[in-house]
K.L.:
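Structure incoming, see below.
Convention: sequence-line order gives letters A, B, ...; per-chain numbering from 1. Treat the numbers as computed from the prediction; the structure is a model and nothing was measured.
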Number of protein chains: 2
Amino acid sequence: MTVLQLRIHENLYIKDPQSSTLGKKIVAEAIKQIDLLGFEAFTFRKLSLAIHSTEASIYRYFENKHRLLIYLITWYWSWLEYRIQLVTQNLPEPTDRLKAVLKEITNRHQQDDSFPDIDENALNRIVIAESDKTYRIKQVDQYNEDGLFRGYKSLCSYLARLISEINPSYKYPHALASTVLEASTQQLFFAEHLPSLSEVSQSKDPYVSNYNFLQELIFQTIDTSA
Amino acid sequence: MTVLQLRIHENLYIKDPQSSTLGKKIVAEAIKQIDLLGFEAFTFRKLSLAIHSTEASIYRYFENKHRLLIYLITWYWSWLEYRIQLVTQNLPEPTDRLKAVLKEITNRHQQDDSFPDIDENALNRIVIAESDKTYRIKQVDQYNEDGLFRGYKSLCSYLARLISEINPSYKYPHALASTVLEASTQQLFFAEHLPSLSEVSQSKDPYVSNYNFLQELIFQTIDTSA
DNA sequence: GTACGTTGATAGTAATACTATCATAAATCA
DNA sequence: TGATTTATGATAGTATTACTATCAACGTAC
């Protein structure tokens, strides 16, 4: 299988971690540790010890641990968009495309051999647990200006365009798209940790149940027959 | 106007801040500072300086700043539920009740004279900016066991019951309730900081636009005519 | 073979999130 | 009134974090 690389916005790193062995080790181990410890308890010191490197070296790749998190989450959204393109290529009907997109978004992902350095499954868990932390910060406006959220915004506007294609008169395609995207991870988080907030928790396969919930939500909302 | 008090889960504080002058000052100033600085930059040291007290004294009320945040956000959800009860009292039709509830949830709140110590407007901004931080933590399961999220869960299940009343066959009342509750603050956050993620940002009054978006979302989703 | 770029080693700093101890003033109770 | 809790303040101290700075060593490229 061909090994691929995703282009990640250059403001997210100081030195491209995909360009060196150490960079790849930093990213791979960061995914492991954030998944395991949670973002708060994760530190560059722990990371440096695990890969037998130093804090100073890691700082040469990432300005701080928060930018590293945004880098990882952005990588995930970009990867999702790439997979969505693959999956929707041969679907002429926008309705089918939307369903396929939702399937992909709510999928419990396995290792993607096109990107051998990244553990997509662990990254998926990180997205579920930590993705909000990318933008729920005081500096959100500055970060946004610097283009750090383009990965997420790109995916969201793709979804919004698809919604508009199906129902051009629907007034809130972007709001619906962002709501569904957010809910897609939120409901899984609730299912695991605050089960009384979502029926998804009672299902044998929460991922499938999540898909059903969101599919109904989106199609009912933009349904023109009403 | 009668001055009221909300009962907040006792695990959220060490000593009830509503029981003393210092306690009230801590809460009032914390709201000001978190609103102004954001939760990350907010510290007990800054807070203690502002109210001419000491860190040690604040620690006698709250175990740490995170629990103080949960206390504030819980206060807000409980207050919302209290207001919702007022507003829905005389509405026999569940459809009218749901609309009134949504109006209340999406309202840009003003000072409530029944609670003179709390700046509801600032607290509303804190909820929009920081509410996720209450539960997006590694200790979420322990916190949940300790009952720290009952305020939010109570509001969510109220909404879910209302949804079920309108459409008893709808399969995801809690998931829809939590999605709408989350979206109600999220969309306002996006409108202000990441406007391309929501049409709500383009409206003259984002609060009204947010209401319209959510109202349509919820009623279309549980509509039985389809 | 030299120059440059990458990494490692080490040290240091300001701030944070606490914990502990003791003194003092005020409120409570007998 | 006097004794005793109780609440707060004052002060000090600690481990950890999130960096920044400097210099040495190593390998590669020209």
K.L.:
Should Ser53(B) be listed as having a side-chain N or O under 4.0 Å from OP1 or OP2 of dT8(D)?
P.N.:
no
K.L.:
Near DNA chain D, under 4.0 Å by heavy atom, which residues of residues 19-39 of chain B?
P.N.:
Ser20(B), Leu22(B)
K.L.:
For Gln142(B), check side chain to side chain donor-acceptor pair (under 3.5 Å) against everything at least two apart and list the hits.
P.N.:
Asp146(B)
K.L.:
Check ring pair (Phe, Tyr, Trp, His ring centres under 6.0 Å) between His66(B) and all other residues, then give those that pass, not counting sequence neighbours.
P.N.:
Tyr143(B)
K.L.:
Taking atom C1' of dT6(D) as reference, at what distance in whole Å does atom CD1 of Ile14(B) sit?
P.N.:
16 Å
K.L.:
Quick check on the helix from dG1(C)-dC30(D) to dA30(C)-dT1(D): what's the angle between its two end axes, five base pairs per end, to the nearest 10°?
P.N.:
10°
K.L.:
Which pairs, with at least one residue in residues 42-55 of chain A and sequence neighbours excluded, count as a side chain to side chain donor-acceptor pair (under 3.5 Å)?
P.N.:
Thr54(A)-Ser57(A)
K.L.:
Assign a letter to each nucleotide of nucleotides 16-25 of chain D from its 5' end: B, base within under 4.0 Å of a protein heavy atom; S, sugar-phosphate only; -, no contact.
P.N.:
-SSBBBB---
K.L.:
Pick out the pairs of N or O atoms, protein on one side and nucleotides 23-27 of chain C on the other, that lie under 3.5 Å.
P.N.:
none

K.L.:
Is it true that the side chains of Asn124(A) and Tyr76(A) contain a donor and an acceptor less than 3.5 Å apart?
P.N.:
yes
K.L.:
For Lys153(A), check salt bridge (Lys or Arg N to Asp or Glu O under 4.0 Å) against everything at least two apart and list the hits.
P.N.:
none
K.L.:
Which residues pass the salt bridge (Lys or Arg N to Asp or Glu O under 4.0 Å) test with Glu63(A), not counting sequence neighbours?
P.N.:
Arg67(A)
K.L.:
What does Phe62(A) touch in the nucleic acid at a heavy-atom separation under 4.0 angstrom: a base, only the sugar-phosphate, or nothing?
P.N.:
nothing
K.L.:
Pairs in or reaching into residues 176-206 of chain A: which pass ring pair (Phe, Tyr, Trp, His ring centres under 6.0 Å), with residues at least two apart or in two chains?
P.N.:
Phe189(A)-His193(A), Phe189(A)-Tyr135(B), Phe190(A)-Tyr135(B)
K.L.:
Does Thr106(A) reach the main-chain N or O of Asn210(A) with its side chain, forming a donor-acceptor pair under 3.5 Å?
P.N.:
no
K.L.:
Who pairs with Tyr61(B) by ring pair (Phe, Tyr, Trp, His ring centres under 6.0 Å), at least two apart in sequence or on another chain?
P.N.:
none
K.L.:
Which residues in residues 134-149 of chain B have at least one heavy atom lying under 4.0 Å from any atom of DNA chain C?
P.N.:
none
K.L.:
Taking it one step at a time, do Ile118(A) and Trp79(A) satisfy side-chain contact (heavy atoms from CB on, under 4.5 Å)?
P.N.:
CA-CA 11 Å; Ile118(A) 308 280; Trp79(A) 174 68; over 6 Å; no
